[in-house]
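Numbering of ligands and ligand atoms starts at 1, following listing order. Values reported hereafter were calculated over all heavy atoms of this structure, with side chains retained and with hydrogens, waters and symmetry mates removed.
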Amino acid sequence: MTLITDIRLRRILDSRGNPTVEADVVTESGGFGRAAAPSGASTGEYEAVERPPSEAIAAAREHAVPRLVGEVYAGNQRDVDAALHAADGTDDFSEIGANSAVAISMAAAKAGADVLGAPLFQHLGGTFRGDGFPIPLGNVVGGGEHAADATDIQEFLAAPVGAPSIADAVFANAAVHAAVADLLEERDVPCGKGDEGAWAPSIDDGEAFEIVAEAVSMVQGEVGFNIGFGLDVAGAELYDSDSETYEYSDRSRDTDEQIAYIADLVEEYDLVYVEDPLDEDDYDAFADLTDEVGDQTLICGDDLFVTNTDRLVNGIDRGAANSILIKPNQIGTLSDAFDAIELATENGYDSVVSHRSGETEDATIAHLAVATDAPFIKTGAVGGERTAKLNELIRIADDAT
Ligand SMILES: C=C(OP(=O)(O)O)C(=O)O
Ligand SMILES: [Mg+2]
């Protein structure tokens with residue numbers, strides 16, 4: 001029934017206006033799944049390789065499609081993903097491209113769900129998946145690699161940790177995003193938006209902290225539940241390996257100063273979440289910071305772990321963090337992303353399923369987060385490609401997928 005009978009690959013537009021890979025998977029009984037690869041800008045050095053879409057499509061047509069069509073059942077995700085690995089033959093998907101791999105992997109999962117007539121989260125998570133919903137982390141101000149002439153820190157995030165429902169959480173993040181716009185206007189700061197829909201004002205990080213803290217507390221007062229404050233520092237983008245310093249617009253910090261700076265921020269703003277506070281190669285510095293503030297906040301590895309279980313094992317052994325970002329395209333298949341979440345959970349790490357800065361209307365990550373009972377999802381606050389996931393979470397909670 002779920003034998004794959006056709007795979008079509010094409011180039012479509014992502015939210016930055018760049019081409020990306022979309023896959024359609026069709027099964028013997030007419031099951032259909034469609035998915036598209038996202039794309040990062042502040043990519044980790046150890047991510048699976050994204051190839052130019054036309055090359056990735058040509059390579060996948062040559063190597064992956066013949067191993068899947070007429071050979072593998074879409075309902076068996078492990079077999080689909082094993083076939084993708086075998087077709088690629090490298091350890092980083094540099095042959096068929098992680099963009100082709102992840103699009104096919106996700107489209108096959110959707111085709112498998114379609115045959116069963118089940119929503120994707122249920123197909124992936126099974127009947128006994130639990131009933132938890134992820135808390136959405138919403139990017140409200142940002143800069144770094146996502147916007148020119150804006151903050152050094154890449155993302156200032158609203159984290160509605162006390163929200164009674166996913167819908168309340170989603171609307172709270174949008175309200176914080178709107179409150180930030182009001183506060184910027186009061187200060188006469190003109191601004192546009194960055195790649196993920198966050199405001200990208202030309203202000204320094206200190207002013208961004210003031211504004212986001214005020215916006216969070218205003219909205220918290222209105223909604224009556226706790227909204228926390230989080231960051232994605234994207235430390236690897238700030239780190240200069242020659243000088244071994246973190247380069248901010250107004251000053252440099254050596255590693256000890258960076259650790260102390262982040263620990264102070266955790267204290268001052270009661271941060272509930274800090275992603276990539278340090279360079280992607282510096283497990284020791286991550287461990288020092290986690291030792292210092294890991295009982296008060298989540299220290300999350302994105303570029304540090306790149307959704308890779310080998311890197312996560314290393315981090316667990318060294319006490320480098322207490323949370324991992326999960327981006328399926330960093331590792332190339334849903335099975336690999338599942339393995340990373342499972343390993344994280346077994347070791348007390350919180351998983352944060354995440355979008356990329358370049359996105360499409362694909363909402364697979366909403367289903368992945370629910371299927372795996374991930375405690376958090378990071379997928380922006382506003383903007384069509386972001387609300388595609390947020391609205392899907394609302395529908396899942398409403399049992400309306
Ligand atoms: C979503 C992020 O950005 P990008 O997709 O550019 O890596 C991130 O760094 O967490
Ligand atoms: Mg990140």
> Any side chain to side chain donor-acceptor pair (under 3.5 Å) pairs touching residues 134-143, not counting sequence neighbours?
Replying inline: Asn139-Glu196
>> For Phe305 together with Tyr46, are the ring centres under 6.0 Å from each other?
In response: no
> Is it true that the side chains of His85 and Asp336 contain a donor and an acceptor less than 3.5 Å apart?
Replying inline: yes
>> Within ligand 1, which atoms have a heavy atom of Asp232 less than 4.0 Å away?
In response: 8 (C), 9 (O), 10 (O)
> If you draw a sphere of radius 2.8 Å around the Mg ion (ligand 2), how many protein N/O/S atoms end up strictly inside it?
Replying inline: 3
> At under 4.0 Å between heavy atoms, which part of Asp303 makes contact with ligand 1: side chain, backbone, both or neither?
Replying inline: neither
> Taking atom 8 (C) of ligand 1 as the point of reference, which of Glu359, Lys327, Arg356 owns the nearest heavy atom?
Replying inline: Lys327
> Any heavy atom of Glu145 sitting closer than 4.0 Å to ligand 1?
Replying inline: no
>> Assess, by modelled atom type and distance only, whether the side chains of Asp270 and Gln296 contain a donor and an acceptor separated by less than 3.5 Å.
In response: no
>> I need the atoms of ligand 1 closer than 4.0 Å to a non-hydrogen atom of Asp302, numbered in the order shown.
In response: 8 (C), 9 (O), 10 (O)
> Among protein heavy atoms, which lies nearest atom 4 (P) of ligand 1, and at what distance?
Replying inline: Ser357 OG, 3.5 Å
> So which of Arg356, Gln154, Glu155, Glu237 actually passes side-chain hydrogen bond (donor to acceptor under 3.5 Å, both in side chains) with Ser42?
Replying inline: Gln154
>> Looking at ligand 1, is there an atom of it that comes within less than 4.0 Å of some heavy atom belonging to Ser42?
In response: yes
> Hey, is Arg34 close enough to Asp114 for a salt bridge, meaning N to O under 4.0 Å?
Replying inline: no
>> Test of understanding: given a 4.0 Å heavy-atom threshold, classify the contact between Leu325 and ligand 1 as side chain, backbone, both, or neither.
In response: side chain
> When you check the gap from the basic side-chain N to the acidic O, do Asp339 and Arg78 get nearer than 4.0 Å?
Replying inline: yes
> Between Phe121 and Arg129, is there a cation-pi geometry (under 6.0 Å to ring centre, at most 45° from the normal)?
Replying inline: no
> Of all the atoms in ligand 1, which lie at a distance below 4.0 Å from a heavy atom belonging to Glu196?
Replying inline: 1 (C), 2 (C), 3 (O)
> Phe209 and Phe229: aromatic ring centres closer than 6.0 Å?
Replying inline: yes
> Would you say Ser354 and ligand 1 have an N/O pair spaced under 3.5 Å apart?
Replying inline: no
> When only distance counts, is Gln154 in polar contact with ligand 1, meaning an N/O pair under 3.5 Å?
Replying inline: yes
>> With side chain to side chain contact (heavy atoms under 4.5 Å, CB included) as the test, pick out the partner of Leu183 among Glu210, Glu214, Glu207.
In response: Glu214
> How many angstroms lie between CZ in Arg67 and CG in Asp88, if you round to the nearest 0.5 Å?
Replying inline: 10.0 Å
> Between His355, His146, Lys378, which one has a non-hydrogen atom sitting closest to atom 10 (O) of ligand 1?
Replying inline: Lys378
> When rounded to the nearest 0.5 angstrom, what is the spacing between CG in Asp81 and OG in Ser335?
Replying inline: 3.5 Å
